[in-house]
S.K.: 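Can you read through this structure? Questions will come right after.
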There are 2 protein chains.
Amino acid sequence: MTSDHVFAALASPVRRRLLRLLLDEGAQPAGRLAVRFDMSRPSVSEHLKVLKDAGLVAETRMGRERHYRLEAAPLMEIREWLTPYERFWRERLSALGTLLDEMDDLDPDRDGFEDPNERNGEQPHD
Amino acid sequence: MTSDHVFAALASPVRRRLLRLLLDEGAQPAGRLAVRFDMSRPSVSEHLKVLKDAGLVAETRMGRERHYRLEAAPLMEIREWLTPYERFWRERLSALGTLLDEMDDLDPDRDGFEDPNERNGEQPHD
DNA sequence: ACTATACGTAGGAAATTTCCTACATATCAA
DNA sequence: TTGATATGTAGGAAATTTCCTACGTATAGT
């Protein structure tokens, strides 16, 4: 449910690959997914459970099969978490500006901020 | 080094909070970071090591202190991994179209694709 | 009613992660 | 030099993750 579950689910390469398979090839029964992995079928089933608990896949019962489909919505939380770091990429890596420069044109007020490093004062926080 | 390390590093709420602190407040010595956590100082030090191994922080020795600073570049890999899922958000969630619609105007050829679900054919893939 | 298929779950071994308390090292301050 | 400060590392306990082999359940086909 929480965003913690989503981050934790993405920590496994097997689970990321499962998501990619569902993205590229669409909803599939568990067994057809499992044969792609060098791993027992029940183990893949357990990975699917982790993804389901994170809200990243949903299952639909089709006769004796269970079709799993991608639920990409929770990935938005990851993207949102990532957003505040983007300005850092622009500071450090000026070389790949293509996409970011396009966004610049759209949202020009992202310029002119202070570098949060190089700071040294007391931290009255917390 | 690999992108696996980055995903794994982000799986811990403690490490995500460390990154956020460095983003919001700038580079800091390990001890000042540690007191923010309800956890022993050496444990925070170990979390910093995981972040360092993932390339997400770098350290600079300042006398007897070690200042840790954010290295946001590896987060780009996460964002890139996320990108192909974005069209799914637009299918399912039409409500938040603001940003995505702006990107639409820039990159109009993202329209008109088939739903990867609702497929049923054989999978010659491996 | 049978048998085969598709799948999840139980139970457990092995590996990994997370956290702790010492402890060692390096620097600063007197 | 001596003592305090800042920090990483060693070693280990506890929790969690990952994977396996049975095994149980439900559906489909005959």
Side-chain angles (χ1 to χ4, degrees), chain A residues 1-19 21-22 25-69 119-120 122-123, chain B residues 1-19 21-22 25-69 119-120 122-123:
Chain A
M1 287 293 195
T2 84
S3 168
D4 280 19
H5 293 353
V6 182
F7 275 106
L10 296 182
S12 156
V14 172
R15 290 192 289 265
R16 292 200 301 278
R17 189 170 156 217
L18 277 168
L19 293 178
L21 285 171
L22 294 177
E25 309 175 0
Q28 297 178 48
R32 180 157 9 135
L33 289 165
V35 294
R36 308 293 207 82
F37 293 84
D38 189 21
M39 180 186 303
S40 77
R41 181 195 54 73
S43 294
V44 175
S45 215
E46 280 164 350
H47 280 294
L48 284 169
K49 182 182 170 57
V50 173
L51 291 171
K52 198 176 90 178
D53 291 347
L56 286 165
V57 304
E59 68 178 40
T60 306
R61 297 173 118 103
M62 302 261 299
R64 58 184 160 183
E65 298 180 336
R66 298 197 189 181
H67 281 60
Y68 285 89
R69 68 173 181 282
R119 231 197 264 178
N120 218 357
E122 279 309 307
Q123 303 293 140
Chain B
M1 288 292 197
T2 84
S3 168
D4 279 18
H5 293 352
V6 183
F7 275 105
L10 295 183
S12 154
V14 171
R15 290 191 289 266
R16 291 199 302 280
R17 189 171 156 217
L18 278 167
L19 293 178
L21 284 171
L22 293 177
E25 308 176 2
Q28 295 178 47
R32 189 177 339 158
L33 289 165
V35 294
R36 307 293 207 84
F37 292 84
D38 190 20
M39 181 186 303
S40 78
R41 182 195 53 75
S43 293
V44 175
S45 213
E46 280 164 350
H47 281 295
L48 284 168
K49 180 181 171 59
V50 173
L51 290 171
K52 197 176 91 180
D53 291 346
L56 286 164
V57 305
E59 66 179 40
T60 306
R61 297 172 118 103
M62 301 262 299
R64 58 185 158 180
E65 298 178 338
R66 296 196 191 182
H67 281 59
Y68 285 89
R69 67 172 180 282
R119 232 197 263 178
N120 219 358
E122 279 310 308
Q123 305 291 141

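Below, read A as the first sequence line, B as the second, and so on, with proteins coming before strands; counting in each chain starts at 1. What you see is a predicted model; the values in this text were computed from it and never measured.
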S.K.: Could you run down the sub-3.5 Å N/O contacts of the protein with nucleotides 4-11 of chain C?
M.R.:
{"unit_1": "C:dT5", "atom_1": "O4'", "unit_2": "A:Arg64", "atom_2": "NH1", "d": "3.3"}
{"unit_1": "C:dT5", "atom_1": "O2", "unit_2": "A:Arg64", "atom_2": "NH1", "d": "3.3"}
{"unit_1": "C:dC7", "atom_1": "OP1", "unit_2": "A:Ala30", "atom_2": "N", "d": "3.1"}
{"unit_1": "C:dC7", "atom_1": "OP1", "unit_2": "A:Arg66", "atom_2": "N", "d": "3.3"}
{"unit_1": "C:dC7", "atom_1": "OP2", "unit_2": "A:Gly31", "atom_2": "N", "d": "2.6"}
{"unit_1": "C:dG8", "atom_1": "OP1", "unit_2": "A:Tyr68", "atom_2": "OH", "d": "2.2"}
{"unit_1": "C:dG8", "atom_1": "OP2", "unit_2": "A:Ser45", "atom_2": "OG", "d": "2.1"}
{"unit_1": "C:dG8", "atom_1": "O5'", "unit_2": "A:Ser45", "atom_2": "OG", "d": "3.4"}
{"unit_1": "C:dG8", "atom_1": "N7", "unit_2": "A:Arg41", "atom_2": "NH1", "d": "3.2"}
{"unit_1": "C:dG8", "atom_1": "O6", "unit_2": "A:Arg41", "atom_2": "NH2", "d": "2.9"}

S.K.: List in chain and number order the residues that pass salt bridge (Lys or Arg N to Asp or Glu O under 4.0 Å) with A:Lys52, two or more places apart in sequence or in another chain; answer none if no residue qualifies.
M.R.: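 A:Lys52 satisfies salt bridge (Lys or Arg N to Asp or Glu O under 4.0 Å) with A:Glu59 only.
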
S.K.: Between D:dA6 atom P and B:Leu33 atom CG, what is the distance in whole Å?
M.R.: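 Going from B:Leu33 (CG) to D:dA6 (P), I get 13 Å.
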
S.K.: For B:Asp53 and C:dT18, what is the distance between atoms CG and P respectively, to the nearest whole Å?
M.R.: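 Between P of C:dT18 and CG of B:Asp53: 13 Å.
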
S.K.: Are B:Arg69 and B:Thr60 close enough that a side-chain donor and a side-chain acceptor fall under 3.5 Å?
M.R.: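 Checked: B:Arg69/B:Thr60 side chains pair up, N/O donor to acceptor below 3.5 Å.
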
S.K.: Give the minimum heavy-atom separation between A:Gln28 and A:Leu21, together with the two atoms involved.
M.R.: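 Minimum heavy-atom contact is NE2-O, 3.9 Å.
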
S.K.: Who passes salt bridge (Lys or Arg N to Asp or Glu O under 4.0 Å) against A:Arg16, sequence neighbours left out?
M.R.: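 Only B:Asp4 meet the salt bridge (Lys or Arg N to Asp or Glu O under 4.0 Å) criterion with A:Arg16.
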
S.K.: Rounding to a whole Å, what distance do you find between B:Met62:CE and D:dT5:C1'?
M.R.: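 The answer, rounded to whole Å, is 16 Å.
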
S.K.: Using OP1 and OP2 only, check whether a side-chain N or O of B:Ser40 sits under 4.0 Å from C:dC20.
M.R.: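 For C:dC20, OP1/OP2 do have a side-chain N/O of B:Ser40 under 4.0 Å.
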
S.K.: Map A:Met39 and A:Gly63 onto DNA chain D by nearest heavy atom, then report which one ends up closer to the 5' terminus.
M.R.: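 Comparing both residues, the 5'-ward one is A:Met39.
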
S.K.: So, is B:His47 near the phosphate of C:dC19, with a side-chain N or O under 4.0 Å from OP1 or OP2?
M.R.: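 Looking at the OP1 and OP2 atoms of C:dC19, one of them is under 4.0 Å from a side-chain N or O of B:His47.
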
S.K.: Only counting residues at least two apart or in another chain, list the ones meeting side chain to side chain contact (heavy atoms under 4.5 Å, CB included) with B:Ala30.
M.R.: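 Testing B:Ala30 for side chain to side chain contact (heavy atoms under 4.5 Å, CB included), a comparison that skips the adjacent residues, returns B:Leu48, B:Tyr68.
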
S.K.: From CG of B:Leu51 over to C1' of D:dG8, roughly how many Å is that when rounded to an integer?
M.R.: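 Atom CG in B:Leu51 sits about 15 Å away from atom C1' in D:dG8.
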
S.K.: Only counting residues at least two apart or in another chain, list the ones meeting side chain to side chain contact (heavy atoms under 4.5 Å, CB included) with A:Ser45.
M.R.: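 Residues passing side chain to side chain contact (heavy atoms under 4.5 Å, CB included) with A:Ser45: none at all.
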
S.K.: C:dT18 C1' sits how many Å from B:Asp38 CG, rounded?
M.R.: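 Distance check: B:Asp38 CG to C:dT18 C1' gives 14 Å.
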
S.K.: Got a sec, which residues hit side chain to side chain contact (heavy atoms under 4.5 Å, CB included) with B:Pro29, two or more places apart in sequence or on another chain?
M.R.: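 Only B:Arg32, B:Glu65, B:His67 meet the side chain to side chain contact (heavy atoms under 4.5 Å, CB included) criterion with B:Pro29.
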
S.K.: Would you indicate, yes or no, if D:dT18 has its OP1 or OP2 atom less than 4.0 angstrom from a side-chain nitrogen or oxygen of A:Arg15?
M.R.: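 For D:dT18, OP1/OP2 do have a side-chain N/O of A:Arg15 under 4.0 Å.
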
S.K.: Taking atom P of C:dT27 as reference, at what distance in whole Å does atom CZ of B:Arg61 sit?
M.R.: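 Those two atoms, CZ and P, are 8 Å apart.
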
S.K.: Look at B:Ser43 and C:dC20 and indicate whether a side-chain polar atom (N or O) is within less than 4.0 Å of OP1 or OP2.
M.R.: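 Answer yes for this pair, as a side-chain N or O of B:Ser43 is under 4.0 Å from OP1 or OP2.
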
